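For the numbers below, each heavy atom of this structure counts, side chains included, while hydrogens, waters and symmetry mates do not. What you see is a predicted model, and the numbers here were worked out from it, not measured in a lab.
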Amino acid sequence: MGFISWIILGLIAGVIARLILPGKQGGGWITALITGLIGAVLGGWIASLLGVGAMDEFWSFGTWIFAIAGGVIVAFAWQAITRRTSRTEA
């Protein structure tokens, strides 16, 4: 799968991850899209290791599920980091 396809998948995964996670998230939509991109690459890599999807298959169901799950995990981690730093500064 090409670089542009991973960007598109990451942006979609970031939006879905933002909709799944409850509560206020720091950083706005740009941060959600970046964490989605990172999560999509991470999830796609894990899916290819497990044999569920392949890094070069854009329309693979397993790749999409793992990309969205990776986006949720990275967004959750980002939310935990920003929540912790905002509490210590206040």
Side-chain angles (χ1 to χ4, degrees):
M1 180 163 52
F3 184 71
I4 301 298
S5 299
W6 275 109
I7 291 174
I8 293 169
L9 179 59
L11 297 178
I12 294 169
V15 169
I16 293 172
R18 187 169 182 96
L19 294 173
I20 290 174
L21 285 175
K24 184 179 179 184
Q25 300 168 9
W29 282 98
I30 299 296
T31 304
L33 298 176
I34 292 170
T35 57
L37 178 61
I38 294 168
V41 171
L42 176 68
W45 179 71
I46 292 172
S48 67
L49 287 177
L50 295 175
V52 178
M55 293 289 284
D56 58 347
E57 295 180 11
F58 184 72
W59 296 111
S60 170
F61 184 71
T63 302
W64 276 85
I65 294 299
F66 273 86
I68 292 169
V72 170
I73 291 169
V74 172
F76 180 77
W78 177 255
Q79 188 178 18
I81 291 169
T82 57
R83 190 178 323 142
R84 184 174 14 152
T85 57
S86 65
R87 285 184 186 166
T88 58
E89 292 175 3

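The structure places CZ of Phe66 at 5.0 Å from CG of Leu50, a figure rounded to the nearest 0.5 Å.
Between Val74 and Gly39, the closest heavy-atom pair is CG2-CA, 3.7 Å.
Legend: residues meeting side-chain contact (heavy atoms from CB on, under 4.5 Å) with Ile73, ordered by chain and number and at least two apart, are absent.
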